[in-house]
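Below is one structure, written out as structure tokens; the observations come after it.
Just the heavy atoms: all of them, side chains too, but no hydrogens, waters or symmetry mates, feed the values below.
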Amino acid sequence: MIDPRNSLPAAAYELLFRAYGSQEWWPADSPFEVMVGAILTQHTSWENVERALARLKASGSFSCRGLIGLPLDALEEYLRPSGAYRVKARRLTAYLMFFQETYGGSVDSMRRTSGTDLRSKLLSVSGIGPETADCILLYAMDKPWFVIDAYTRRIFGRLGWVDPQANYEDLQAWFQNAPMPGGLTDRVVYYNEYHALVVELGKRVCRPKPDCAACALNAICATGKTAS
DNA sequence: GTCCAGGGCCTAC
DNA sequence: GTAGGCCATGGA
């Protein structure tokens, strides 16, 4: 892994931002919707998550207590378009129970918890792994935790900047320990935009087939391995 | 028909 | 500790 004090993350960010502009994530109407979406998007394209979210909203039960109160088979049916719906119904219920019991279903109450403490609590919930926890922390709680997803591993690994097999926290530290681009002072804003830009790039170059020629980072692909 | 998507859990070594 | 299977729909 390249020295974490390197300038590559900031350089990549600036190229991506110039290529794709502000993404203004997360695509949701409320922090609660962000939390639900973070669970539903596990190993699933966002388009399918949107279908499931629309069904949940149409049910009239789109609240913490409302969703907890749904029979499991009804919840499964609403989640069907997002795939793995039985698994996700259990995971969503487990998360909402945690949210209700620990924070009274209050986003504000949850937000008052420190990021480190909250992250460890989130990881203790069945079905919430590091990526889902960080999505909730960053996009629902406005806490500065960089999200590492499959695109991040694939793209930055393909560039030779990180070991794609590295564990989650090491990859996260690589981004979090690096300086921000000049002019940016808020890490929440920076990480928010960065992950969204990586997903936008990933959608373009990682599916259906890898195509490095279309990669917005091509300009620094050639020099990346020697940069510091 | 086949492959894979903005993961995480469980089981077998 | 880690590799592999499993969940499951919908689009390319």
OP1 or OP2 of B/dA5 under 4.0 Å from side-chain N/O of A/Arg154: yes
Distance check needed: B/dG7 P versus A/Asp134 CG, whole Å only. 13 Å
I'd like to know whether A/Asp134 forms a side chain to side chain donor-acceptor pair (under 3.5 Å) with A/Tyr168, so could you lay out the CA-CA distance, the side-chain angles of the two residues, the decisive distance to 0.1 Å, and finally the verdict. CA-CA 11 Å; A/Asp134 290 335; A/Tyr168 187 97; 2.7 Å; yes
Sticking with atom P, work out how far B/dG8 lies from C/dG11, rounded to a whole angstrom. 24 Å
Go through C/dG10, B/dG7, B/dA5 for me and flag the one nearest to the A/Pro81 side chain. C/dG10
Check whether any side-chain nitrogen or oxygen of A/Thr132 sits under 4.0 Å from OP1 or OP2 of B/dG8, and answer yes or no. yes
When we call it a touch if two heavy atoms are under 4.0 Å apart, what does A/Ile39 touch: a base, just sugar-phosphate, or nothing? nothing
salt_bridge(A/Lys57, A/Glu33) N-O dist < 4.0 Å: yes
If I take atom CZ in residue A/Arg90 and atom C1' in nucleotide C/dC6, what distance separates them, rounded to the nearest angstrom? 11 Å
Between A/Lys121 and A/Asp117, does at least one N-O distance fall below 4.0 Å, as a salt bridge requires? yes
Residue closer to the 5' end of DNA chain B, A/Ser126 versus A/Ala38 (nearest nucleotide): A/Ala38
Taking the minimum atom-to-atom distance to the side chain of A/Arg51, which one of B/dG8, C/dG10, C/dA8 wins? C/dG10
Need one value for A/Asn48: base, sugar-phosphate or nothing, where a base atom within 4.0 Å counts as base even if backbone is also close, heavy atoms only. base
Both A/Lys88 and A/Gln165 contact DNA chain C. Which one's nearest nucleotide lies toward the 5' end? A/Gln165
Looking at A/Arg55 and A/Glu77, is any side-chain nitrogen of the basic one under 4.0 Å from a carboxylate oxygen of the acidic one? yes
Atom pair distance, as rounded to whole Å: OH in A/Tyr85 and C1' in C/dG10: 14 Å
Can you measure A/Tyr168 atom OH to B/dC9 atom P for me and round it to whole angstrom units? 13 Å
Identify whether any heavy atom of A/Thr152 sits under 4.0 Å from a base atom; if not, whether one sits that close to sugar-phosphate; answer base, sugar-phosphate or nothing. nothing
Please give, in whole Å, the distance from B/dG8 C1' to A/Tyr95 OH? 16 Å
Quiz item: cation-pi between A/Arg80 and A/Tyr85, 6.0 Å / 45°: yes
Is there a side-chain polar atom (N or O) of A/Arg86 under 4.0 Å from OP1 or OP2 of C/dC7? no
Distance check needed: B/dG8 P versus A/Leu122 CG, whole Å only. 11 Å
When you measure from the side chain of A/Arg80, which nucleotide among C/dC7, C/dT9, B/dG8 comes out closest? C/dT9
If I take atom CZ in residue A/Arg55 and atom C1' in nucleotide C/dT9, what distance separates them, rounded to the nearest angstrom? 11 Å
Rounded distance in Å - CH2 (A/Trp46) to P (C/dG10): 17 Å
